[in-house]
Amino acid sequence: MSTGKFVISLDLELMWGVNDVITIDKYGMHIKGVHQVIPRLLQTFDHYGINATFSTVGLLFFETKEQILKNLPTRIPRYNNKVLSPYSYIKTIGNDYLEDPYHFAPRLIELIKQYPMQEIGSHTFSHYYCLEEGQTKEDFRADMIQSQKVAADYGITITSLVFPRNQSNEDYLQVCNELGILCIRGNESSWLYEARSGQKENLLRRGIRLADSFINISGHNCHSEETLKKKLPINVPASRFLRPYSPLLKRLDYLRLNRIKQSMSHAAKNGLIYHLWWHPHNFGVNQDENFSFLEKILLHFKQLEEQYSFESHTMTSAAKRILKL
C-alpha cells in the first residue's frame, strides 16, 4: 500500500485576487497582514518539517508599476464582466512595493526562495479566471507563458498551477501540459465544489460548503495515487479549505478541527493523499488565533507521521511520487 501524503498549498495573490469584489478599505488589513503571515508561516513550516506550495500570482513578482506595464502578456483576457480584469486598473496602483503593500510582493517571494522545502508555483500571471465568459484558451496560454517567464527571471521553474477561484477548466489542461506544468490542484469531487463561473455560483452551495467545514457532508475527499496518475498534468485535488478564525463561529472551532483531523487520519491510515489549502490573507487578521489552529493541525500531522509514516509534500513532489519520477 502507498504511503499517505499530506499536501499543503497556499494561494498568494494579495489584492489581485479580491479587488474585483472587495475594496482595500474593507479588506486592506487582511492583505497588509500577509507581509507578517508569510514569514511566520515559513518559520512554522520549518519547525514542523512541512513542505508547502506557494501558488503565486505573477504580477506580485515585480518591484515597480513601471516593470509591470513593460511586461504584460501578448494577449489579455477580455472578460464580458470588465470588473474582473486587473488590467483596467493597473495604472491606479502604487508605484512600487514600498508605497503599495497590496499589489507587490517581491521581498516575500525572495524569502520563500530561502526555504528549500517550499515550492513556488503559479496562480497564473493575472489571477486569470478560466471559466468566465469572454476569455479564450489562447488568452490563457499567453497568461501562463508570462507567469513562467517572470518566475524564471527569479530563477524559479514553474511546474504546478492553482486555478484562481478554483475555476479548473478541463479544456485548458493540454495547454498546461505543453508548457511543462506537471500538476494542478483540482476541486473536491463533490458537486458542492464543482468548478463554476462566478455568475453560476449561488448562496445555497456556499452555505452547504460552510457547513461541510464543520460536519462531514462531502466525504473525506482523499485520493489514491492510482486514481490520480491517469493523465497529465497530474490532478492533486483539494481535500479541504482551511477557513480562517471567525469570532462569530469560535465555539464551533473544535468541530472545524475535528473535521480536518479525521480526514487526515483517514488518508494516513489508507495510504491516500490529503490536500489542505488556504490563502495567506485568510490569516491576515486574528493571526494568533489562526496560527494556534494551524499548529494543532501540524501537531496531528506529526503524530500521523510517526504512527503511519504520513509524508509532507509540495504539489510537485507529490506528483513526482505519483509518477515515480
For Trp16 and Tyr102, I'd like to know if the aromatic rings sit close, meaning centre-to-centre distance below 6.0 Å.
no
For a side chain to side chain donor-acceptor pair (under 3.5 Å) check, start with the C-alpha distance between Asp212 and Ser218, then their side-chain angles and the critical distance, and finish with the verdict.
CA-CA 7 Å; Asp212 192 35; Ser218 66; 2.6 Å; yes
Can you see whether Trp277 has Arg185 sitting over its ring - NZ or CZ less than 6.0 Å from the centre and within 45° of the normal?
yes
Taking Lys250 first and then Glu289, would you say they form a salt bridge - that is, a charged N and a carboxylate O separated by under 4.0 Å?
no
Is the distance between the ring centroids of His266 and His220 less than 6.0 Å?
yes
Has Arg165 got its NZ or CZ under 6.0 Å from the middle of the six-membered ring of Tyr129, at an angle within 45 degrees of the ring axis?
yes
Indicate yes or no for a side-chain donor-acceptor contact from Glu119 to the backbone of Thr316 under 3.5 Å, with no hydrogens or angles considered.
yes
Near Arg107 CZ, under 6.0 Å, is it more than 12 heavy atoms from other residues, nucleotides or ligands?
yes
Would you say Glu178 has more than 12 foreign heavy atoms packed within less than 6.0 Å of its CD?
yes
Does the side chain of Phe301 reach to within under 4.5 Å of the side chain of Ile8, using non-hydrogen atoms?
no
Parallel, tilted or perpendicular, judged at 30° and 60°: which one describes the rings of Phe140 and Phe163?
parallel
What's the separation between atom CZ in Phe125 and atom CD in Gln146, rounded to the nearest 0.5 Å?
5.0 Å
Nearest 0.5 angstrom please: Asp139 CG to Met144 CE, how far?
14.0 Å
Is any side-chain heavy atom of Pro237 closer than 4.5 Å to a side-chain heavy atom of Leu228?
yes
Give me the atom names and distance for the closest heavy-atom approach of Lys32 to Pro101.
CG-CG, 4.1 Å
If you measure from OH on Tyr97 to CD on Glu63, what distance do you get to the nearest 0.5 Å?
5.5 Å
Any heavy-atom pair between the side chains of Leu182 and Pro233 that's under 4.5 Å?
no
Indicate the atoms forming the closest heavy-atom contact of Leu84 with Tyr79, along with that distance.
CB-CD1, 3.6 Å
I'd like to know whether CD of Glu295 has more than 12 heavy-atom contacts from other residues, nucleotides or ligands below 6.0 angstrom.
yes
Would you call the rings of His279 and Phe241 parallel, tilted or perpendicular if under 30° counts as parallel and over 60° as perpendicular?
perpendicular
So Ile93 and His103, do their side chains get closer than 4.5 Å, heavy atoms only?
yes
Below 4.5 Å, heavy atoms only, C-beta onward: do Asn290 and Val37 meet side chain to side chain?
no
Here's one to test your reading of the geometry: is the NZ or CZ of Arg240 within 45 degrees of the ring axis of Tyr274 and under 6.0 Å from its centre?
no
Should Leu12 and Met117 be counted in the same cluster of Ile, Leu, Val, Met, Phe, Trp and Tyr side chains packed under 4.5 Å apart?
no
Of all heavy-atom pairs between Gln148 and Ile158, which one has the smallest distance, and what is that distance?
NE2-O, 3.7 Å
Quiz question: by atom type and distance under 3.5 Å, do the side chains of Thr314 and Ser317 form a donor-acceptor pair?
yes
Determine, stepwise, if the pair Gln114 / Glu110 fulfils side chain to side chain donor-acceptor pair (under 3.5 Å).
CA-CA 7 Å; Gln114 295 176 23; Glu110 288 285 5; 5.9 Å; no
Kindly determine whether Tyr128 and Gln135 satisfy side chain to side chain donor-acceptor pair (under 3.5 Å), including the steps that lead there.
CA-CA 9 Å; Tyr128 188 100; Gln135 57 81 36; 2.7 Å; yes
Do we see a donor-acceptor contact under 3.5 Å between the side chains of Thr53 and His313?
no
Is there side-chain contact between Lys5 and Glu225, with heavy atoms separated by less than 4.5 Å?
yes
Rounded at 0.5 Å granularity, tell me how far CD1 in Ile273 sits from CG in Asn221.
13.0 Å
Can you confirm whether the side chains of Thr124 and Ser147 place a donor and an acceptor under 3.5 Å from each other?
no
Ser265 side chain reached by Leu304 side chain, heavy atoms, under 4.5 Å
yes
One pair to check against salt bridge (Lys or Arg N to Asp or Glu O under 4.0 Å): Glu306 and Lys302. What are the steps and the verdict?
CA-CA 6 Å; Glu306 181 176 352; Lys302 297 304 287 186; over 6 Å; no
Side chain to side chain contact (heavy atoms under 4.5 Å, CB included), that's the test. Do Phe104 and Leu60 meet it? Break it down for me.
CA-CA 5 Å; Phe104 299 88; Leu60 294 176; 5.9 Å; no
Could you go through the side chain to side chain donor-acceptor pair (under 3.5 Å) check for Glu188 and Ser239 one step at a time?
CA-CA 6 Å; Glu188 294 91 327; Ser239 301; over 6 Å; no
Determine whether Arg243 and Asp253 satisfy the following criterion, salt bridge (Lys or Arg N to Asp or Glu O under 4.0 Å), listing intermediate values before the conclusion.
CA-CA 10 Å; Arg243 290 188 178 274; Asp253 266 359; over 6 Å; no
Heavy-atom nearest pair, Cys130 first then Asn169, reads O-ND2, 2.7 Å
Exercise: identify the closest heavy-atom pair between Ile208 and Ile217:
O-CD1, 3.9 Å
Group every Ile, Leu, Val, Met, Phe, Trp and Tyr by side-chain heavy-atom contacts under 4.5 Å, then state whether Met29 and Tyr245 land in the same group.
no
Looking at Phe214, does the NZ or CZ of Arg259 lie under 6.0 angstrom from its six-membered ring centre and within 45 degrees of the ring axis?
no
Could you check whether Phe61 and Tyr154 have their ring centres less than 6.0 Å apart?
yes
Looking only at non-hydrogen atoms, find the nearest pair between Thr3 and Ser309 and report the distance.
CG2-O, 2.8 Å
So how far is it from Met15 CE to Tyr89 OH, rounded to the nearest 0.5 Å?
7.0 Å
With a 4.5 Å limit on heavy-atom distance, are the side chains of Asn51 and Phe45 in contact?
no
